[in-house]
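Note that ligands are numbered from 1 as they come in the structure, with each ligand's atoms numbered from 1 the same way. Everything quoted here is computed from the prediction, not taken from an experiment.
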Amino acid sequence: MQTRLVLTLIVFLVNLAQLNAQVTAIICKQIIDGKTNAPLKATVILVEGDRIKAIGQRDIIPNGAQSVDLSSYTVMPGFIDLHCHPLGDADDDYQTYHLKNSSAAKALQGLKNVQGMLMAGWTAIRVPGDLDVGYAHFDLRNAINKGMFDGPRIFGAGHWISVTGGGGDINFFSYEQKGVIVDGLVVDGPEEMRKAVRNEIKYGSDWIKLLVSGAFMTAGDNPQNVHFSKEELAVAIDEATRRDVPVMAHAHSGEAIKMSVRAGAKTIEHGSFLDDEGIKLMAEKGTYLVPTLTIGKWFLEFNEDSEALKKAIELTKKHRVGIEAQLTKAIKAGVKVVVGTDLTGADPEYCANEFSELVRVGMTPMQAIQAGTGLAAEALGKNKEFGTLESGKLADIVAVKGDPLSDINLLKKVDFVMIGGKIVKNDKK
Ligand SMILES: [Zn+2]
């Protein structure tokens, strides 16, 4: 008799536990899972806690599930921007921004920017260093991870590491002003590089960012030059690799790209002057390319008269056609091209231009969506956790009305956002 009582109690407790685990059923028109090359046959996603529990048809919906009707919507994994600088203010002069604003001010600006991005569908971002002497974007990351604020998952490097006179240095002050604090880490020689990499990891970087070539946006350096020596590059990648930290290489010049790929960089940022040999090398080694086309579009659309961006605008105008032709070749050759905007996130809807830009240079809409979801998560090394819609993965889910496979620009109008099972936006029309 007593055994029976105990059994009844156990059954009751199990039922109670199941009742408590609220299941949400998202009912969709179409599911793009981020890795399959066609929409799924399924129309229902079950979410329990922070994870996807199952994907199937309506018959999988359990009794008592809360349902979200997105039956005129295409549902996708949350978008991933592998290259953005959310601490910035798009209206300020980026070259002096870090001198004029405290880390606290930038963290507040960053919070606004990343929350805007989340509302536009970006559930994870990688910051390749930001306009800060400190590590404000990691404070932001930590606050979000603690649950203090809703925001995207944040990964990245504390700073860009550069040579003296490179893109992380300030090259427009006189010689007498050489004590001016720079926003990058300036290193010369293998031992300074080693120290810089170790410090970056110590203070929370899960990526190392190297400015292997000159940059488009900084004064006084040339993006077609290689800045780091082979030795410096080898030391950086060796140090990072031993700590399981991947390296992203900002590399415009063809030679800088090839040097970085050969040395073992995991991603190439910008890759503007990628040559045929570089394409072959990247395809063979499986190196990811983050071409950041949106920043070029933004220069040309909004900043024609900007003195601070004069160099970047001129270079973009001069080289855009050639850059895009090589990118088209790279896509055809099977280089893993992924989404990164290089924006601050201040105009979050604008970030989705990266998808339409990638389609313009030769991707199918499906490839572009994968480049900003499943493939981007793979580049991040987080594809076991998120980036695709599969049971067991974190429930980072977005939806747009209609079919983005026939109009990629629909990705600029995300109406529904869920991150880790929590609905943070539902503007269903
Ligand atoms: Zn950048």
Please report the closest heavy-atom contact between Pro348 and Gly116, naming both atoms and the distance.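 Taking Pro348 first and Gly116 second, the nearest heavy atoms are CB-O, 3.3 Å.
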Anything protein N, O or S sitting under 2.8 Å from the Zn ion (ligand 1): count it and give me the total.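 Protein heteroatoms (N, O, S) closer than 2.8 Å to the Zn ion (ligand 1) number 3.
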Asp276/Lys329 ion pair, N-O < 4.0 Å: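 So Asp276 pairs with Lys329 through a salt bridge.
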Between Lys382 and Glu385, is there a salt bridge with N-O shorter than 4.0 Å?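 Salt bridge: no.
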For Lys317, enumerate each residue passing the side chain to side chain donor-acceptor pair (under 3.5 Å) test, keeping only those at least two apart in sequence or located in another chain.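 Result, side chain to side chain donor-acceptor pair (under 3.5 Å) vs Lys317: Glu304.
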Residue pairs passing the ring pair (Phe, Tyr, Trp, His ring centres under 6.0 Å) test where at least one lies in residues 218-245, sequence neighbours excluded: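 Non-adjacent pairs meeting ring pair (Phe, Tyr, Trp, His ring centres under 6.0 Å): zero.
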Contacts of type side-chain contact (heavy atoms from CB on, under 4.5 Å), residue Thr164, not counting sequence neighbours: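 For Thr164 the side-chain contact (heavy atoms from CB on, under 4.5 Å) partners, ignoring immediate neighbours, are Asp169, Val186, Asp188.
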